[in-house]
Amino acid sequence: QKEVEQNSGPLSVPEGAIASLNCTYSDRGSQSFFWYRQYSGKSPELIMFIYSNGDKEDGRFTAQLNKASQYVSLLIRDSQPSDSATYLCAVNMDTGRRALTFGSGTRLQVQP
Amino acid sequence: GAGVSQSPRYKVAKRGQDVALRCDPISGHVSLFWYQQALGQGPEFLTYFQNEAQLDKSGLPSDRFFAERPEGSVSTLKIQRTQQEDSAVYLCASSFASTNDSPLHFGNGTRLTVT
């Protein structure tokens, strides 16, 4: 069983809509959660990080964390065609280690 | 430089050849990571350095893979006797601090193709 699960997509939303990207993880003791965006052929770039239960907002992006349900999500408001990319969920599953465990990513397509 | 620099950008190797991939982290960053990313997959952890110390090499898939960071700055990932399954993008990332909340900054990667 993969430790960080994401729907591979593609998730298709119209321009201006809210895109909702979801991620579940297997280790209940996980503490740090990150969302990376990866354009085709490019390296991952950090969008958001969240450590506490609840919501964290940064511009058009909101990260939501529910540790009891082992669930983290990313909402993108007012989606733009430039948001079309693969979104990678990453979890630090062992506080004794620095390694991040990544999901396989969800491909988002924003239709103009 | 302003970001993490990796070279070469592309590498084609014949099966059985040795390759060396270089990473220049952001200046002053303590932590350095190597990840392997297969097509359509997320990055998979290979190894982690804090300064010159290799603190975690649990992700290295075999003893053909070796990484070093002798002066706590530039790092080299070496793959001996390459196999076709080694074909992937190798990503280097660095972070300023050694704590788990210190975000990773990735380089553009080296795409290795083993023929």
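Everything quoted here is computed from the prediction, not taken from an experiment. Numbers restart at 1 for each chain; the letters A, B, ... are given by sequence-line order, proteins then strands.
- Proximity to chain A (any heavy atom under 4.5 Å) is restricted, for B:T99, to the backbone atoms N, CA, C and O.
- Here the side chains of B:E68 and B:K78 are in contact, with some heavy-atom distance below 4.5 Å.
- Contacts of B:L46 with chain A are absent, with no heavy-atom separation under 4.5 Å from either backbone or side chain.
- Neither the backbone nor the side chain of B:Q50 comes within less than 4.5 Å of any heavy atom in chain A.
- In this structure, B:Y35 has its ring center closer than 6.0 angstrom to the ring center of A:F102.
- Put simply, of B:G42, B:P103, B:G109, B:P43, the one with the most heavy-atom pairs under 4.5 Å next to chain A is B:P43.
- Using a 4.0 Å cut-off between charged nitrogen and carboxylate oxygen, B:R64 and B:D86 count as a salt-bridge pair.
- Cluster membership for A:L65 and A:Y87, using ILVMFWY side-chain heavy atoms within less than 4.5 angstrom, is shared.
- Interface remark: B:N108 contributes backbone and side-chain atoms alike to the contact with chain A (heavy atom separation under 4.5 Å).
- Per-residue heavy-atom pair counts under 4.5 Å with chain B were compared for A:A99, A:P44, A:G105, and the maximum is reached by A:P44.
- No close placement of the B:F33 and B:F106 rings is indicated, their centers lying 6.0 Å or farther apart.
- B:D24 has a carboxylate O that lies under 4.0 Å from a charged side-chain N of B:R22, or vice versa, which qualifies the two as a salt bridge.
- Options A:G41, A:S43, A:S32 differ in how many heavy-atom pairs under 4.5 Å they form with chain B, and the most are formed by A:S43.
- Looking at A:Q6, there are no atoms closer than 4.5 Å to chain B (heavy atoms on both sides), in backbone or side chain.
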